[in-house]
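Lettering of chains follows the sequences in order, A, B, ..., and the numbering in each one begins at 1.
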Amino acid sequence: MEDLLIQFIQNTGYYMADYRHCIMLVVGSVFIYLGIAKHYEPLLLVPIGFGILVGNVPVFEGLGLSIYEDNSVLHYLYFGVTAGIYPPLIFMGIGALTDFSTMLARPVLMLLGAAAQMGIFLTFLGALALGFDPKEAASIGIIGGADGPTAIFLTAKLAPHLIGPIAVAAYSYMALVPVIQPPIMKLMTTRKERLIRMEEPRVVSKREKIIFPIIALILCCYLAPAALPLLGMLFLGNLLKEAVVTERLAEAARRPIIDSVTILLGLTVGASTQADKFLTPQSVGIFILGAVSFCVATACGLIFAKFMNLFLRKKINPLLGAAGVSAVPDSARVVQMVGQKEDPSNFLLMHAMAPNVSGVIGSAIAAGVLWSFMPK
Amino acid sequence: MHGLEAIAFNKGWEIAFLGVLIVFSGLVFLSLAISQLYKLLDLWDKRMDVFYFIKDKIRSLEVKHPVSKDSFGRSVTKYQPPPGTVASRPVPPHVIENLKLYKMLSETISSVELFLLPRLLKVAKKRGLARPHSTINELIQERLLIPDGEGYFQWSYRALNHLTKLR
């Protein structure tokens with residue numbers, strides 16, 4: 001009986017845990033706290049935080065419990081991440097939720113979304129310089145796009161062993177957009193620039209909104225075919241929304257489908273961050289580079305907006321450049337908030353949505369380009 | 001391998017440069033396409049107006065001055081109604097008022113004497129004029145509006161006389 005009791009105790013998590021599991025439990029708890037108490041991206045941080053707790057319960061190898069064991073439930077659910085299934089489904093929901101009319105009304109603002117993606121490639125260079133191999137460097141660089149599904153999609157293809165730290169880094173920085181961006185925005189713009197008012201956008205017809213996803217799919221995916229899974233689903237979702245006759249499908253895409261996939265993605269990505277795989281010097285490097293990538297992307301968008309103002313007769317508010325990172329709609333809200341601190345009657349939110357949504361397209365194209373450049 | 005050596009070895013500079021170029025190009029092309037989209041849709045909506053405009057321009061190049069005879073040798077601009085017909089009766093005042101109005105409308109759709117009846121009807125509807133079909137029918141009945149035999153219509157001498165009197 002004593003032997004049985006000892007055997008039982010040795011199989012408990014309390015016995016098998018070490019200090020690294022404790023650290024990860026704290027990390028998971030912090031994520032849940034930020035999501036629930038602070039309302040920082042709760043739909044992402046709560047499932048991820050709970051997944052971290054799930055993934056860091058020490059289990060006995062061979063019983064099919066761990067996410068990395070072939071016959072475990074978590075492993076089957078994790079297949080959607082590693083096979084790149086969940087991110088395109090999330091993009092379909094994003095397309096069904098997104099209104100592209102501000103971008104259609106003033107297409108020049110799309111260039112701000114393009115400029116912000118320079119952060120991805122600059123971080124790629126930084127990661128190479130730090131000794132990461134090209135595929136890992138590309139996966140780290142995409143964090144600068146501030147797009148969780150895109151980061152997970154590309155990492156699953158190029159460096160699946162880094163999905164955990166990259167996904168956690170990408171979603172963490174997305175959640176911390178209201179903290180990270182404002183200081184950079186204030187540093188890189190003058191008060192006079194922040195007070196610039198944008199002119200009212202023209203009214204966009206229904207036909208334009210319907211034709212846009214079709215044209216965009218053809219133009220973008222013929223240029224970067226590797227972006228097809230993400231952009232194809234994004235534009236499908238948007239077409240379902242704008243067509244009106246397919247409102248049922250659009251409703252399904254933007255509610256049950258995206259919510260279900262978000263739960264599974266968050267849970268499994270969080271569970272993949274097991275202490276022995278996550279707490280490595282490499283992960284620290286990824287977090288640091290991810291933060292740099294995010295800051296550089298924000299700065300590039302702001303600088304490009306100021307550059308554009310050299311040539312535009314009707315100046316644009318350079319704060320919109322910060323919305324070029326594709327953290328929809330948080331970075332647009334941050335632009336609104338920073339703009340209103342200077343002038344409470346200056347409403348920049350709808351204008352900021354234009355570079356924001358073009359950043360989603362830009363980051364997907366960047367992911368496709370990086371994937372196609374990598375050796376097979 | 002670290003630093004600039006690692007970047008050069010892995011073709012980092014080329015990848016970064018091309019990557020930025022491709023992303024920028026893609027979004028520039030897309031923004032150019034979007035910026036022209038509403039203009040193309042507008043042109044599509046006005047395609048019939050454009051067609052008629054081009055047709056009128058072609059005709060105005062062919063017809064430098066009013067044609068006196070058509071291809072069958074019939075007089076086109078000088079129309080004399082036979083005595084005792086509709087055209088020899090006085091024109092009701094309300095028809096003359098409509099004549100004035102529709103003559104002005106015809107001048108907006110054609111720079112020459114000849115114009116297409118469906119276009120006149122379309123413009124009358126657009127301007128919100130009441131009962132354009134029956135009004136045009138009345139003008140035809142009164143021989144103020146006459147066909148030229150080739151699908152176009154024109155104002156008769158009778159109509160032009162009435163308009164001159166009104167001035």
*Would you call A/Arg207 and B/Asp45 a salt bridge, taking side-chain N to carboxylate O under 4.0 Å as the test?*
yes
*chain B contact via A/Glu208 - which portion, at a heavy-atom distance below 4.5 Å*: both
*Which answer fits A/Arg106, side chain, backbone, both or neither, if we ask what part of it has an atom under 4.5 Å from a heavy atom of chain B?*
neither
*Would you say the side chain of B/Ile15 lies within less than 4.5 Å of the side chain of A/Leu370, judging by non-hydrogen atoms?*
yes
_Closest non-hydrogen atom pair, A/Ile215 against B/Ala33_ = CG2-CB, 4.3 Å
*Can you see which heavy atom on A/Ser205 is nearest to which on B/Leu41, and at what distance?*
OG-CD1, 4.5 Å
*May I ask you to test the A/Val204-B/Tyr38 pair for a side-chain heavy-atom distance under 4.5 Å?*
no
_Can you tell me which portion of A/Ala115 sits under 4.5 Å from chain B's heavy atoms? Options are side chain, backbone, both or neither._
both
*asked:* If you count heavy atoms of other groups shown closer than 6.0 angstrom to CG of B/Leu4, is the number above 12?
replied: no
*For chain B, the option from A/Val369, A/Leu219, A/Leu125, A/Leu122 that forms the most heavy-atom pairs under 4.5 Å*: A/Leu125
*With a 4.5 Å heavy-atom cut-off, do B/Ile34 and A/Met110 have their side chains touching?*
yes
*Measure across B/Val28 and A/Leu111 and return the closest heavy-atom pair with its distance rounded to 0.1 Å.*
CG2-CD2, 3.4 Å
*Can you list every ring-ring contact (aromatic ring centres under 6.0 Å, His included) pair that touches residues 300-322 of chain A, not counting sequence neighbours?*
A/Phe304-A/Phe307, A/Phe304-B/Phe24, A/Phe307-A/Phe311
*Do other residues, nucleotides or ligands put more than 12 heavy atoms under 6.0 Å from B/Lys11 NZ?*
no
*Counting only heavy atoms not in B/Arg127, do more than 12 sit closer than 6.0 Å to its CZ atom?*
no
*NE2 of B/His133: more than 12 outside heavy atoms within 6.0 angstrom?*
no
*Rounded to the nearest 0.5 Å, how far does OG of B/Ser31 lie from CG of A/Leu104?*
11.0 Å
_Non-hydrogen side-chain atoms of A/Phe373 and B/Ile22 separated by less than 4.5 Å_ = yes
*Under 4.5 Å between any side-chain heavy atoms of B/Leu30 and A/Cys220, yes or no?*
yes
*Non-hydrogen atoms of chain B under 4.5 Å away: do they reach the side chain of A/Ile120, the backbone, both or neither?*
neither
_Members of residues 355-363 of chain A whose heavy atoms come closer than 4.5 Å to chain B_ = A/Ser358, A/Ile361, A/Gly362
*Nearest 0.5 Å please: distance from the CZ atom of A/Phe132 over to the CG atom of B/Asn10.*
13.0 Å
*Write down the atom of B/Gly26, the atom of A/Leu223, and the distance for their closest heavy-atom approach.*
CA-CD2, 3.3 Å
*Top residue by heavy-atom pair count (under 4.5 Å) with chain A, among B/Ala6, B/Ser25, B/Gly19?*
B/Gly19
*Do A/Phe121 and B/Val23 pass the side-chain contact (heavy atoms from CB on, under 4.5 Å) test, and can you show the C-alpha distance, the side-chain angles, and the key distance before you say yes or no?*
CA-CA 11 Å; A/Phe121 295 96; B/Val23 170; 4.1 Å; yes
